[in-house]
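In what follows, a single structure is set out as structure tokens and then discussed.
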Amino acid sequence: MISEKQAIARMDADHPLLKYIELEDDTINGIVAMAPIYRGALREVSTKLDNIDYEFQTLYDHNPIHHMESRIKSPRSILEKLNRRNIPVTMENMKREILDIAGIRVVCNYTEDIFKLAELLIAQEDIELVYVHNYINEPKECGYRSFHLVVKVPVFLSVGAERVPVEVQIRTIAMDMWASLEHEIRYKATKEVSPEAEKRLKLCADILARTDMEMQEIYKECVKREEDASA
Ligand code: GTP
Ligand code: MG
């Protein structure tokens with residue numbers, strides 16, 4: 001039976017982390033052993049969001065959620081993030097400092113769905129809000145838009161209950177399209193993208209934001225016409 005550290009070393013023998021971080025096997029094993037609790041937290045929050053979506057479907061014949069994705073950060077990415085921030089690799093630091101080990105991306109149809117979903121999630125009594133980053137009202141310099149929140153949710157396992165952080169990124173289909181392609185473009189670029197490309201990416205983000213507003217308006221007008229017609 002090989003240790004997790006040996007497994008990582010086998011998969012990526014050149015990884016710089018393995019060369020300069022003197023990791024105890026216990027630490028790696030500890031990170032891996034945390035997976036069930038973070039997976040539990042992902043399920044708790046996904047179910048809450050799913051329930052809100054279904055309720056909206058039955059009450060208003062409208063699904064705010066287009067689709068959801070979730071992931072657990074790999075031990076390697078956790079170690080890289082601690083390393084990048086010059087934080088010593090310990091279980092305590094990982095639990096306290098890395099708040100996006102459990103991550104959910106919620107892709108909504110319209111911008112107003114984002115704020116409604118966030119509001120209803122935060123209002124639930126077992127949810128503790130850690131922080132909000134509203135990159136929709138205040139987009140990043142590069143044009144990135146999304147609503148981020150970190151919440152803590154209680155997870156009950158055989159070892160007891162723990163409040164576990166989950167990062168929830170909520171965005172429209174258009175914001176998601178931009179973020180996915182921008183990420184790919186930056187990842188593909190061997191050097192930094194050119195200032196010209198930066199400008200064009202920002203312009204695309206602004207056009208998509210304008211489109212989001214327009215689609216929202218069109219949708220609302222259609223709903224109103226339906227309501228007026230059936231009144
Ligand atoms: P991380 O170390 O990446 O977790 O960033 P952070 O803790 O400083 O938080 P931030 O709110 O800046 O970003 C969290 C996540 O949002 C990232 O991991 C990405 O998934 C997404 N994100 C933030 N900024 C951008 C961006 O400019 N482009 C894209 N494509 N995604 C972004
Ligand atoms: Mg992250």
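Bear in mind the structure is a predicted one, so any value in this text is a computation, not a measurement.
- Put simply, Val107 and Ile114 are part of two different groups of oily side chains (I, L, V, M, F, W, Y) that touch within less than 4.5 Å, one to the next.
- With a 6.0 Å radius and a threshold of 12 heavy atoms from other residues, nucleotides or ligands, Arg43 has its CZ atom at or below the threshold.
- A pairwise comparison of heavy atoms in Ala118 and Leu149 identifies CB-CD2, 4.3 Å as the closest pair.
- Put simply, CE on Met94 and CD on Glu97 are 12.0 Å apart, with the number rounded to the nearest 0.5 Å.
- Across all non-hydrogen atoms, the minimal contact from Ile37 to Glu162 is CD1-OE1, 3.4 Å.
- Separating the NZ atom in Lys116 from the OG1 atom in Thr111 is a distance of 15.0 Å, to the nearest 0.5 Å.
- When side chains are defined from C-beta on, Val153 counts as touching Ile127, because their heavy atoms get closer than 4.5 Å.
- The side-chain hydrogen bond (donor to acceptor under 3.5 Å, both in side chains) test applied to Ser77 returns Ser74, not counting sequence neighbours.
- Contacts of Lys81 classified as side-chain hydrogen bond (donor to acceptor under 3.5 Å, both in side chains), with partners at least two apart in sequence or in another chain: Asp100.
- With sequence neighbours excluded, the residues satisfying side-chain hydrogen bond (donor to acceptor under 3.5 Å, both in side chains) with Lys48 are Gln124, Asp126.
- Using a 4.5 Å cut-off on side-chain heavy atoms (C-beta onward), Tyr219 and Val223 make contact.
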Do Glu69 and Ile104 pass the side-chain contact (heavy atoms from CB on, under 4.5 Å) test, and can you show the C-alpha distance, the side-chain angles, and the key distance before you say yes or no? CA-CA 6 Å; Glu69 296 158 12; Ile104 303 183; over 6 Å; no

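- If you chain together hydrophobic residues whose side chains sit under 4.5 Å apart, Ile52 and Tyr60 fall into the same group.
- Taking hydrophobic clusters as Ile, Leu, Val, Met, Phe, Trp and Tyr residues chained together by side-chain heavy-atom distances below 4.5 Å, Met177 shares a cluster with Val193.
- A side-chain contact (heavy atoms from CB on, under 4.5 Å) with Arg105 holds for exactly one of Glu167, Arg171, Met68, His67; it is Arg171.
- A salt bridge is defined here as a Lys NZ or Arg NE, NH1 or NH2 lying under 4.0 Å from an Asp or Glu carboxylate O, and Glu221 with Lys224 fails to meet this definition.
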Apply side-chain contact (heavy atoms from CB on, under 4.5 Å) to the pair Val166 and Val150, showing each step before the final yes or no. CA-CA 6 Å; Val166 178; Val150 169; over 6 Å; no

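- Put simply, the side chain of Lys152 does not reach to within 4.5 Å of the side chain of Leu129, judged on heavy atoms.
- At distances below 3.5 Å, at least one donor-acceptor pair connects side-chain atoms of Asn109 with backbone N or O atoms of Asn63.
- Residues Leu208 and Ala174 approach most closely at CD1-O, 3.9 Å, considering heavy atoms.
- At least one side-chain heavy atom of Pro88 sits less than 4.5 Å from a side-chain heavy atom of Asn93.
- Salt-bridge annotation for Glu214 and Arg210: present, with a side-chain N of the basic residue lying under 4.0 Å from a carboxylate O of the acidic one.
- Take Tyr110 and apply the side-chain hydrogen bond (donor to acceptor under 3.5 Å, both in side chains) test, not counting sequence neighbours, and it matches no residue.
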If you apply the rule side-chain contact (heavy atoms from CB on, under 4.5 Å), what do you find for Ile65 with Leu49, and how did you get there? CA-CA 8 Å; Ile65 300 177; Leu49 292 163; 4.1 Å; yes

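- A chain of hydrophobic side-chain contacts below 4.5 Å, direct or via other Ile, Leu, Val, Met, Phe, Trp or Tyr residues, connects Phe115 to Ile170.
- A single hydrophobic cluster is seen to contain both Leu79 and Met91, as judged by linkage of ILVMFWY side chains at heavy-atom distances under 4.5 Å, directly or through other members.
- Using a 4.0 Å cut-off between a side-chain N of Lys or Arg and a carboxylate O of Asp or Glu, Lys220 and Glu112 qualify as a salt bridge.
- Nearest heavy atom pair, residue Trp178 against residue Leu201, reads NE1-O, 2.9 Å.
- Enclosure of atom CZ in Arg200 is not indicated, since only 12 or fewer non-hydrogen atoms of other residues, nucleotides or ligands lie within 6.0 angstrom.
- Note: Tyr135 and His133 have tilted aromatic rings, judged against thresholds of 30 and 60 degrees for the angle between ring planes.
- Summarising the geometry of Val132 relative to Ile122, their closest heavy-atom pair is CG2-CD1, 4.5 Å, with the distance given to 0.1 Å.
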Evaluate the side-chain contact (heavy atoms from CB on, under 4.5 Å) criterion for residues Tyr131 and Val151: first the C-alpha distance (whole Å), next the side-chain angles of each, then the deciding distance (0.1 Å), finally the verdict. CA-CA 7 Å; Tyr131 69 74; Val151 295; over 6 Å; no

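- Judged by distance alone, the side chains of His62 and Asp113 do bring a donor and an acceptor atom under 3.5 Å apart.
- Considering only heavy atoms from C-beta on, Asn51 stays 4.5 Å or farther from Phe56 through its side chain.
- Taking the ring pair (Phe, Tyr, Trp, His ring centres under 6.0 Å) definition, one finds that Phe156 meets it with nothing, sequence neighbours left out.
- In this structure, Ile72 CD1 and Ile101 CD1 are separated by 8.5 Å, a value rounded to the nearest 0.5 Å.
- Across every non-hydrogen atom of Val106 and Leu117, the tightest pair is CG1-CD1, 3.8 Å.
- A salt bridge between Glu198 and Arg186 is present, with a side-chain N of the basic residue lying under 4.0 Å from a carboxylate O of the acidic one.
- Considering CE of Met213 and OG1 of Thr211, their distance stands at 10.0 Å, rounded to 0.5 Å.
- In this structure, the separation between CG on Asp53 and OG1 on Thr58 is 9.5 Å, given to the nearest 0.5 Å.
- Every pair passing salt bridge (charged side-chain N to carboxylate O under 4.0 Å, His left out) that includes a residue from residues 128-149 is listed here, sequence neighbours excluded: Glu128-Arg163, Arg145-Asp206.
- Separating the SG atom in Cys204 from the CG atom in Leu181 is a distance of 9.0 Å, to the nearest 0.5 Å.
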